[in-house]
There are 2 protein chains.
Amino acid sequence: MGITKTEIFDHHQNELAQFFKILGHPARIAILQYISKQNTCICNDLVEEIGLAQATISQHLKELKSIGLLKGEIEGKSICYCIDVDRWNMLQKSLNSFFNTTKTNCC
Amino acid sequence: MGITKTEIFDHHQNELAQFFKILGHPARIAILQYISKQNTCICNDLVEEIGLAQATISQHLKELKSIGLLKGEIEGKSICYCIDVDRWNMLQKSLNSFFNTTKTNCC
DNA sequence: TTATAATATTGCAATATTACGATAATAAAC
DNA sequence: GTTTATTATCGTAATATTGCAATATTATAA
C-alpha cells in the first residue's frame, strides 16, 4: 500500500534504516561536506553553494537535525549550523557495527 | 518539483547518497542481517522471516543487487542470495572515508 | 511433455519525498 | 517603533517509493 511497515521490524533496524535514509540524498551529503569545510556556516551560503532554493535547503537542514547530526547556534542574525561531532562519531560507530556483524556469506 | 536534482551534485555525492538510500529501509536491513546469519538463503524463507509478500521481498532483493551488495547463484530450483563480501567491505570503506573527512565543526 | 515449486516482473493504489514560491517569524540596525 | 536580512514554515505540484495481487518466467521432478 506504499507505507513502510515499520511495525514488523525491531527498533534497531528502524533506527539504522532512518540514519541511512537521511544520509541518502546528495544534497544532504553536499551540505555536510560544505559545513565541515567552513569555520562558520550560514544557510544563505548554502543556497548559493548547493544551488537549491532557500526553502529546500532549510528542509534538508531540518532533516539532518532530526537525527542529531547538526546543532544550530544563534550567531548574530543568522544561524551557525555545525556538525555535532559526538553524534557523528556515534553514528559512524553504529554503522560500522552493522557492517561488521553483517558480512558472513555462503557462496 | 519533486525530483532529486542529481545534476547539480558530483558523481561521488550521488553515488554515496545512493548507497545510503538503498540501505535506508528496515526491510533491506533485515534482509541483510538474515542472510548473514544463514549458510544458504532462499527468497521463500525471507517471505516467512520478514513478513512481507513475495513480490515485495523480490523487489528489495533487486535493489540490494543494484548496488552490488548481493550476488545470486542458482541452487536447485531456488536462488542462493549471498552478500558480496568484497563489495561489502568496499562500501564500508567508502562510508568511513566520508565520515572521517566530514567531521570538522565550529561551535 | 506436463506438473510443480520458486523467484521475477507487471500493473496499480497509497503514501512519502523533493522542490519551490509565498509568507511568517526572528533578530539586528536604524 | 520601522526597516532589513536571514531562516522557518505553509501550501502545493511533481516524482519516487512501498507494497501487493496477478501473472510470467525459470528450472526441477514426474
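Quantities reported herein were computed from a predicted structural model and do not represent experimental measurements. A, B, ... follow the sequence lines: proteins, then strands. Residue 1 opens every chain.
- Of the possible polar contacts, none joining the Trp88(A) side chain to the Gly68(A) backbone as a donor-acceptor pair under 3.5 Å is found.
- Residues Pro26(A) and Ala17(B) come closest through the heavy atom pair N-CB, 3.3 Å.
- No side-chain donor-acceptor contact under 3.5 Å links Thr102(A) to the backbone of Phe99(A).
- Rounded to the nearest 0.5 angstrom, His12(B) NE2 and Phe98(B) CZ are separated by 8.5 Å.
- In this model, the phosphate group of dT6(D) is not approached by any side-chain N or O of Tyr81(A) to a distance below 4.0 Å at OP1 or OP2.
- Comparing atom distances between the Ile79(B) side chain and each of dT9(D), dT18(C), dT7(C) picks out dT7(C) as nearest.
- Between dT18(C) and Thr4(B), no contact under 4.0 Å exists linking OP1 or OP2 to a side-chain N or O.
- The main-chain N or O of Gln54(A) is never found under 3.5 Å from a side-chain atom of Ser58(A) such that the two would form a donor-acceptor pair.
- Distances shown here put a side-chain N or O of Ser58(B) below 4.0 Å from the OP1 or OP2 atom of dA8(C).
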Please step through side chain to side chain donor-acceptor pair (under 3.5 Å) for the pair Gln92(A) and Asn100(B), ending with a clear verdict.
CA-CA 9 Å; Gln92(A) 183 175 13; Asn100(B) 292 331; 3.0 Å; yes
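- Here dA19(C) presents its P atom at 16 Å from NZ of Lys62(A), a figure rounded to the nearest Å.
- Within the 4.0 Å cut-off from OP1 or OP2 of dT17(C), not a single side-chain nitrogen or oxygen of His60(A) is found.
- Formation of a donor-acceptor pair under 3.5 Å by the Asp84(A) side chain with backbone atoms of Leu70(A) is not found in this model.
- The stretch residues 46-54 of chain B touches DNA chain C through Gln54(B), each having a heavy atom within less than 4.0 Å of the strand.
- Atom CG in Leu64(B) sits roughly 16 Å away from atom C1' in dT7(C) (whole-Å rounding).
- Checking side-chain atoms of Thr56(A) against main-chain N and O of Leu52(A) turns up no donor-acceptor pair under 3.5 Å.
- Note: His25(B) and Phe9(A) have perpendicular aromatic rings, judged against thresholds of 30 and 60 degrees for the angle between ring planes.
- Contacts between residues 5-26 of chain A and DNA chain C, defined by a heavy-atom separation under 4.0 Å, are made by Lys21(A), His25(A).
- To the nearest angstrom, C1' of dT18(D) lies 15 Å from CG of Leu61(B).
- Ile57(B) places its CD1 atom 11 Å from the P atom of dT7(C), with the value rounded to the nearest Å.
- Between the CD1 atom of Ile3(A) and the C1' atom of dT17(C) there is a distance of 14 Å, given to the nearest Å.
- If you measure from atom CD of Gln59(A) to atom P of dT12(D), you get 15 Å, rounded to the nearest angstrom.
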